[in-house]
Amino acid sequence: MKRTHNCGQLSSGDVGGRVRLCGWVRSYRDHGGIVFIDLRDREGITQIVFDPSDDAELHKLAGSLRNEWVISIAGTVRLRGEDRINPKLPTGKIEVVADGLTVLNKSQTVPFEPDATEKVSEDMRLRYRYVDLRRADMTGALRLRHSICRAMRSVLDERDFIEIETPFLTKSTPEGARDFLVPSRLQQACFYALPQSPQLFKQILMVSGLDKYYQIVRCFRDEDLRADRQPEFTQLDVEMSFVTEADVMEVTNEVLQKICRVAGKEFPAAPTVLTYAEAMDKYGSDRPDMRFELFLRDVSQIVKGCSFKVFSDCLAAGGMVKGVCVPGGAKFTRKEIDGYTAFVGDYGAKGLAWCKVEGDGFAGGAAKFLDEPVQTGLREAFGAGAGDIFFFLADAPATVNKALAALRCRLGEELQLFSPDDFAWCWVTEFPLVEWNEDQQRWDSLHHPFTSPRPDQLEMLQADPGAVRSRAYDIVLNGVELGGGSIRIHSTDLQKRIFGLLGISEDEAHARFGFLLDALQFGAPPHGGIALGLDRIVMMMVGATSLRDVIAFPKTQRGICPLTGAPAEVEDKQLAELDLKIIAPPQKA
RNA sequence: GGGGCCGUAGCUCAAUUGGCUAGAGUUCCGGACUGUCGAUCCGGUGGUUGCGGGUUCGAAUCCCGUCGGCCUCGCCA
């Protein structure tokens, strides 16, 4: 046995005991005579002492140790004197007096110290990920991730869910995100796709009568990356038979409750539930950040008929005017306001109207176009007072909401309207079933085409599809969507109607989803489920701002793994076996 | 595909805004030191300023291109 304890384990209770420890040299302090080694493993740090008067040979070897060498030591646990206690170390009351030392492996000089206080560039960290993962916060994130998975499994196991694996090599369904494709050798000119989610399989498992399924599963989407978006990510995928929205939400709440307990965070007994319509109205977003108010308000009715051409033209064209009132915002400089104007421009807004409340009247910006009744209406609507500022956006509702929601979040952050450890959960429900795609001139599913419409609104499917609400629900934390799901369609007829609405012909539907449509005909029970983003949950729980900090081996923004160099070219022989040819090889410098 | 920020020693950064041999901390190497704990003290190694081109008497600095990293819009049912 190479070790009897780990490096975070020993305490005053172990004094006098003989121990063996293994780990990495975190630092060495050579006083000419006495030598101290900080020995680190994933559990902690223990100080090892080498005294020349005990064993001159051993002391000499200890003097040759360098950072990140892997060693094994044997020795006796000793209490440190009162004045030698290190309060920064959990093991700081003891030390191990070594009588044996084996160098298990030397290390080259590491490109950066695993406990460096300076922030090392992420490029470096990812290239030398094995060194980076020695850092306590990275180890901590991965361990919490593990604990969260265990919490998920324990809740679902307790409730008689069955974990079932679904294929990674599956069929491309060009709806939605771009697929990662895998060429097939046995079926030339054919491709597998990596799953964007196990959606269809889990529904088929319900048809099979498996009743309650879950899986902690990798999903793949070949889209551009973001800090909170990786091309491969993990989700907790859940599906249940004979349930309603409330059943799925209740199970999810219990899972999240347990996760929060494990992570030392709060989860409310009953999270706020708001409808999509409410969320869009007050927050401009279907993933509202509820840590602060700063509500948006549709002021179209108040400003209609005012002399401001930007507003009147917009309303005449069927647009909307929406605003936000920032308490104390009159102190914003022109430069800051210009900054916000440019900011909303990124989201497609053509401008940002503003005016300040000074004393009894409005001043600056658009103030001169807003007459007395309009000013009064706005003040009352927002409860505004002197020293506040209004921002208004006039445009198509989608643009207004997107830009104003982004502005609201930016203001909330800049004005510190919440504290960093605030946790605000909410469910968003009653999403529209479909939305109009202006570019393609057709209806698109908001969620996915297997989402059930509300049964009491089926008759509107023909006449007014945009008004039909679905049985979908999303769980949101601090403005971040952590998961979503729905009650699915279990009737072939209804599923066909929805495909029809989405402009998917019968032939097309059959080619793509025929296996699901077939399955629905063989006794599909009513069913529904949800998927929770594991990476994002861990990210929120550790307070990270990037998924890369909670994934052991993530990709960079351009989809590269700096550690392995993936993706990489393959040999011609491999291509030949697949009957593939690179038509336009990249130009090499 | 678009916009923005960045790239200087192994690492983290500086360089008086175009001017003297590109510096500092840390790492590393050597030396001193028997109670440190981010040890300390002394000395030393370490640079094609991402790469290529241009402007200039002179470029880390300005211009063009390119590579790489990050953030973001589009995209992500």
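Below, chain A is the first sequence line, B the second, and so on; all start at residue 1. What's counted below: heavy atoms across the whole structure, side chains too, no hydrogens, waters or symmetry copies.
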With a 4.0 Å cutoff (strictly under), does any side-chain N or O of [X] reach OP1 or OP2 of [N]?
X	N	value
A:Thr109	B:G10	no
A:Arg558	B:G68	yes
A:Arg226	B:C73	yes
A:Lys402	B:G74	yes
A:Ser121	B:U12	yes
A:Arg548	B:C71	yes

> A:Asp38 and A:Tyr28: side-chain donor and acceptor closer than 3.5 Å?
Replying inline: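 No, A:Tyr28 and A:Asp38 have no side-chain donor paired with an acceptor closer than 3.5 Å.
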> Is the charged tip of A:Arg410 near the ring of A:Phe343: under 6.0 Å from the six-membered ring centre and within 45° of its axis?
Replying inline: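 Cation-pi check for A:Arg410 and A:Phe343: passes.
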> Parallel, tilted or perpendicular: which fits the ring planes of A:Phe201 and A:Phe515, with parallel below 30° and perpendicular above 60°?
Replying inline: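 If you compare the ring of A:Phe201 with that of A:Phe515, the planes turn out tilted.
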>> Tell me which nucleotide, if any, is Watson-Crick or G-U wobble paired with B:U56 when both distances must be under 3.5 Å.
In response: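 The base-pairing partner of B:U56, which may sit in any strand shown, does not exist here.
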>> Counting only Watson-Crick pairs (N1-N3 plus N6-O4 or O6-N4) and G-U wobbles (N1-O2, O6-N3), all under 3.5 Å, who is the partner of B:C5?
In response: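 Because both required distances fall under 3.5 Å, B:C5 counts as paired with B:G69.
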> Does the base of B:C76 carry an N or O that pairs as donor and acceptor with the side chain of A:Arg221 under 3.5 Å?
Replying inline: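 No, the side chain and the base share no sub-3.5 Å donor-acceptor pair.
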>> Protein within reach of the bases, or only the backbone? For nucleotides 35-43 of chain B, mark each nucleotide 5' to 3' as B, S or -, using heavy atoms under 4.0 Å.
In response: BBBBB----
> For B:U66, does the glycosidic angle fall within 90° of 0 (syn) or outside that (anti)?
Replying inline: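 Nucleotide B:U66 adopts anti.
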>> Can you measure A:Glu413 atom CD to B:C71 atom P for me and round it to whole angstrom units?
In response: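 Nearest whole value for this atom pair: 15 Å.
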